[in-house]
Amino acid sequence: MIAGLFLSYSCTGDFEEMNKSQNSLDTIEDPSFYFPRIQQKAIHAYYGEYQVGINLYTNQYAQYVSNTASSWATDRYGYQDSWAMNGYWTPYYMYVLKYMLQIKEICEDRTDFQQMYHIARIMTAEGTARITDVFGDIPYSEASRGIDKPKYDSQKEIYYDILKELKEATDALEAADYGGVQQKSYGSQDLVYGGNADSWIRLGNSLRLRYAMRLSYVDPEKAKAEVEDALSKRLMTEVSHSAGYKPGSSDDSEHPMTVICHWNEFRLSETLVDAYKELSTVQDPRALFYAGYTQASTNDENEERVLQGLRNGLPATELGEANSTSSNVWGLKWYPVWNSEGTTPSGRSTDPYYFMLYSEVCFLKAEAALRGWGNAGDAKTNYIEGIQASFAEARLNVDESYYTTEDDETYYTTGSVAWNEGDDFETKLKKIITQKWISMFPNGNEAWAEFRRTGYPELRPIAQSDEPSINPANGEFIKKLRYSEIERRENTANATASSLNQGQGDGANVRVWWDTGRYK
């Protein structure tokens with residue numbers, strides 16, 4: 001109930017009084033106080049929010065993982081209100097957007113805080129895209145501003161503002177014209193780039209490329225103009241430019257996926273594991289970095305340990321021994337002792353939690369080139385570079401004694417991975433998006449969005465749907481999360497309006513604005 005009160009986005013009444021203290025947000029005039037929390041909440045870096053937001057919803061919808069807990073139904077499209085609230089709604093409105101507005105107010109009259117302000121705009125744009133991609137139309141222009149019942153803005157309006165924010169912020173950072181005033185830096189309070197403006201410029205332009213491409217089918221002229229402009233700017237150009245949240249504080253002490261993998265409540269999806277094994281003539285070199293061998297029987301030393309995925313959406317009665325017969329994420333990337341020695345993992349992983357990788361930029365450029373858009377280079381070159389970059393990203397911080405690179409070239413030159421200039425547009429696009437999907441693991445938010453935008457990769461209908469409006473037997477997939485019960489109760493007129501989401505209203509079978517129906 002407390003979360004629901006917070007999520008009315010109002011700073012009035014008792015809540016306002018509770019926050020009037022020596023440590024009140026009203027008395028803190030330093031953006032560095034707010035920014036680390038914006039970063040953490042925008043990308044679900046805290047493992048609890050990652051679990052109930054990303055892993056129990058979008059990682060399953062993108063078919064990265066499958067549920068093995070018999071009492072949980074989200075893998076079967078069942079809806080759990082508190083998870084949607086605590087995984088998405090609360091982090092965004094209580095922290096990301098609210099704190100961004102605090103930073104904006106602080107920086108308005110401080111010429112030495114301008115660089116910090118523009119960096120915060122870039123981070124907030126990423127968080128805004130995440131929540132609108134999941135829900136569609138959401139409160140935005142009136143949200144977190146003390147308005148008791150904020151209106152819902154259309155996703156089109158929100159996306160246009162995201163693109164505007166990214167362009168203005170990166171252009172301002174690029175110009176570095178602050179009237180000669182020495183700029184303050186976030187320094188160590190920036191848990192991604194340590195306050196480095198060049199890195200934030202590259203990320204901002206790369207994010208703009210990502211979100212502009214999202215409009216490729218619904219608003220192609222806008223998409224093309226924004227993509228071409230972003231491609232003319234400073235982008236990520238190497239693996240070291242990738243954006244990763246670095247663990248360290250008490251409540252985000254390691255990559256959130258590695259925390260929750262020990263709880264034995266999910267395994268890798270059959271769709272992902274089969275892609276690792278079947279797309280080329282050799283197994284995907286990335287497989288053993290993210291996929292663990294199945295658990296060997298303690299009483300049979302000769303039992304073969306293999307990579308084995310679990311089908312999405314199985315009924316609770318069929319989960320059975322799934323934890324011991326399907327692969328966890330105990331691969332070489334995070335817990336090499338499992339795949340190399342069969343030793344149960346312990347300790348913590350210090351690998352950063354990446355929310356945008358250089359390989360993604362390569363695949364975005366490949367798609368732009370495929371569409372014939374300017375400044376994109378050659379589609380095949382970008383595609384191959386994306387795969388190679390993804391290999392390098394998987395191997396970051398992994399001891400070279402654990403792996404070999406001998407199958408790399410064979411992987412991307414054979415089977416259905418190989419690029420063929422004679423292929424038609426759809427075949428080439430399928431290759432690009434499938435490789436992007438593999439490379440982005442475990443960023444389920446982005447992977448699910450790309451499936452809904454393009455229809456690729458070819459995911460498998462789930463075994464059973466607990467959502468009446470979705471029929472997997474007809475090849476249908478879930479399309480968005482519905483709005484929470486708290487929103488429907490406390491902000492009824494706005495949250496239940498029939499005009500929402502292009503006149504479709506709300507529901508799991510409602511497409512968001514940029515989803516033009518390239519899948520069922």
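Keep in mind that what you see is a predicted model, and the values were worked out from it rather than measured.
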Pair Leu370, Phe425 - check side-chain contact (heavy atoms from CB on, under 4.5 Å), show working.
CA-CA 7 Å; Leu370 181 63; Phe425 176 92; 3.6 Å; yes
Run the numbers on Arg460 and Glu270 for side-chain contact (heavy atoms from CB on, under 4.5 Å), then give the verdict.
CA-CA 9 Å; Arg460 299 169 182 174; Glu270 178 183 72; 3.1 Å; yes
Take Thr128 and Tyr92 through the side chain to side chain donor-acceptor pair (under 3.5 Å) test and state the conclusion after the steps.
CA-CA 8 Å; Thr128 300; Tyr92 180 71; 2.7 Å; yes
Criterion side chain to side chain donor-acceptor pair (under 3.5 Å) on Asn312 and Asp75, from CA distance to verdict:
CA-CA 6 Å; Asn312 286 92; Asp75 200 22; 2.9 Å; yes
Walk me through it: do Asp190 and Gln39 pass the test side chain to side chain donor-acceptor pair (under 3.5 Å)?
CA-CA 8 Å; Asp190 172 5; Gln39 290 182 302; 2.8 Å; yes
Take Ile470 and Lys520 through the side-chain contact (heavy atoms from CB on, under 4.5 Å) test and state the conclusion after the steps.
CA-CA 10 Å; Ile470 307 291; Lys520 287 188 177 181; over 6 Å; no
Using the side-chain contact (heavy atoms from CB on, under 4.5 Å) rule, take Asp466 and Tyr77 through it: C-alpha gap first, then chi angles, then the decisive distance, then the call.
CA-CA 6 Å; Asp466 290 359; Tyr77 299 161; 5.9 Å; no
Run the numbers on Glu467 and Ser469 for side chain to side chain donor-acceptor pair (under 3.5 Å), then give the verdict.
CA-CA 6 Å; Glu467 165 56 51; Ser469 67; 2.7 Å; yes
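For Lys430, the NZ atom counts as loosely surrounded, since its 6.0 Å shell holds 12 or fewer non-hydrogen atoms of other residues, nucleotides or ligands. The number of heavy atoms from other shown groups lying within 6.0 Å of CD (Glu318) is above 12. For NZ of Lys184, the number of neighbouring non-hydrogen atoms (other residues, nucleotides, ligands) closer than 6.0 Å is 12 at most.
No side-chain donor from either of Trp448 and Asp133 sits under 3.5 Å from a side-chain acceptor of the other. Between the side chains of Arg488 and Asn491, no donor-acceptor pair of N or O atoms lies under 3.5 Å. For Asn375 and Ser232, the side-chain atoms include no donor-acceptor pair closer than 3.5 Å. Checking Tyr47 against Thr258 by side-chain atom types alone, no donor-acceptor pair falls below 3.5 Å. Checked by atom type, the side-chain pair Arg482/Tyr79 shows no donor-acceptor distance below 3.5 Å. In summary, the side chains of Gln63 and Thr271 do present a donor paired with an acceptor at a separation below 3.5 Å, with no hydrogens or angles considered. With no hydrogens or angles considered, no side-chain donor-acceptor pair links Asp137 and Ser154 at under 3.5 Å. Neither side chain, Gln155 nor Gln502, offers a donor N or O lying under 3.5 Å from an acceptor on the other. Inspection of the Asn443 and Tyr354 side chains reveals no N or O donor paired with an N or O acceptor under 3.5 Å. No donor-acceptor contact under 3.5 angstrom links the side chains of Tyr61 and Asn59, judged on distance only. No side-chain donor from either of Ser484 and Asp81 sits under 3.5 Å from a side-chain acceptor of the other. Asn509 and Lys479 share a side-chain donor-acceptor pair at under 3.5 Å. A side-chain N or O of Gln60 and one of Thr74 form a donor-acceptor pair less than 3.5 Å apart.
By the 4.0 Å N-to-carboxylate-O rule, Arg518 lies close enough to Glu426 to be salt-bridged with it. Using a 4.0 Å cut-off between charged nitrogen and carboxylate oxygen, Glu126 and Arg210 count as a salt-bridge pair. Salt bridge status for Arg489 with Glu485: absent, with no side-chain N to carboxylate O gap under 4.0 Å. Look at Lys167 and Glu226 and you find no salt bridge, because none of the NZ, NE, NH1 or NH2 atoms lies under 4.0 Å from a carboxylate O. Between Arg208 and Glu168, none of the side-chain N atoms (NZ, or NE/NH1/NH2) sits under 4.0 Å from a carboxylate O, so this pair counts as no salt bridge. Checked for salt-bridge contact, Glu450 and Arg453 meet the test: a charged N lies under 4.0 Å from a carboxylate O.
The CE atom of Met356 sits 9.0 Å away from atom OG of Ser242, with the distance rounded to the nearest 0.5 Å. Expressed to the nearest 0.5 Å, how far CZ of Arg214 lies from OG1 of Thr132 amounts to 10.0 Å. Interatomic distance, Met85 CE to Gln80 CD, rounded to the nearest 0.5 Å: 12.0 Å. Atom OH of Tyr519 is separated from atom OH of Tyr456 by 14.5 Å, given to the nearest 0.5 angstrom. One distance of note links OH of Tyr50 with CD of Gln40; it measures 14.5 Å at 0.5 Å rounding.
Contact annotation: the side chain of Trp514 never approaches that of Asp219 to less than 4.5 Å [non-hydrogen atoms, C-beta and beyond]. In this structure, Tyr152 and Glu142 have side chains that are not in contact, with every pair of non-hydrogen atoms separated by 4.5 Å or more. At least one side-chain heavy atom of Tyr64 sits less than 4.5 Å from a side-chain heavy atom of Met440. Side-chain contact between Arg121 and Lys164 is present, with heavy atoms from C-beta onward closer than 4.5 Å. Between Met123 and Met100, the closest side-chain pair of non-hydrogen atoms is not below 4.5 Å. Using a 4.5 Å heavy-atom threshold, the side chains of Tyr211 and Ile162 count as touching. Between Met257 and Phe441, the closest side-chain pair of non-hydrogen atoms falls below 4.5 Å. A 4.5 Å side-chain heavy-atom check between Arg130 and Val134 finds every atom pair outside the cut-off.
Checking side-chain atoms of Arg145 against main-chain N and O of Ala143 turns up a donor-acceptor pair under 3.5 Å. In this structure, the side chain of Ser439 does not engage the main chain of Ser359 through any donor-acceptor pair within 3.5 Å. The backbone N or O of Glu490 lies less than 3.5 Å from a partner atom in the side chain of Lys149, making a donor-acceptor pair. Asn474 places no side-chain N or O within donor-acceptor distance of the main-chain N or O of Glu476, the cut-off being under 3.5 Å. In this structure, the side chain of Arg202 engages the main chain of Leu235 through a donor-acceptor pair within 3.5 Å.
Taking every heavy atom of both residues into account, Ile28 and Ile106 meet most closely at O-CD1, 3.4 Å. Closest non-hydrogen pair, Ala62 versus Gly444, comes out as CB-O, 4.0 Å. Closest of all the heavy-atom pairs between Ala447 and Trp437 is CB-CD1, 3.8 Å.
The aromatic rings of Tyr93 and Trp89 lie tilted to each other, with the angle between the two planes from 30° to 60°. Taking the six-membered ring where tryptophan is involved, the planes of Tyr353 and His255 are perpendicular, since the angle between them exceeds 60° and thus also 30°. Between Tyr88 and Tyr57, the angle of the ring planes lies from 30° to 60°, which puts this pair in the tilted group.
Under the 6.0 Å cut-off for aromatic ring centres, Tyr99 and Tyr95 qualify, their centroids lying closer than that.
With sequence neighbours excluded, no residue forms a side chain to side chain donor-acceptor pair (under 3.5 Å) with Tyr186.
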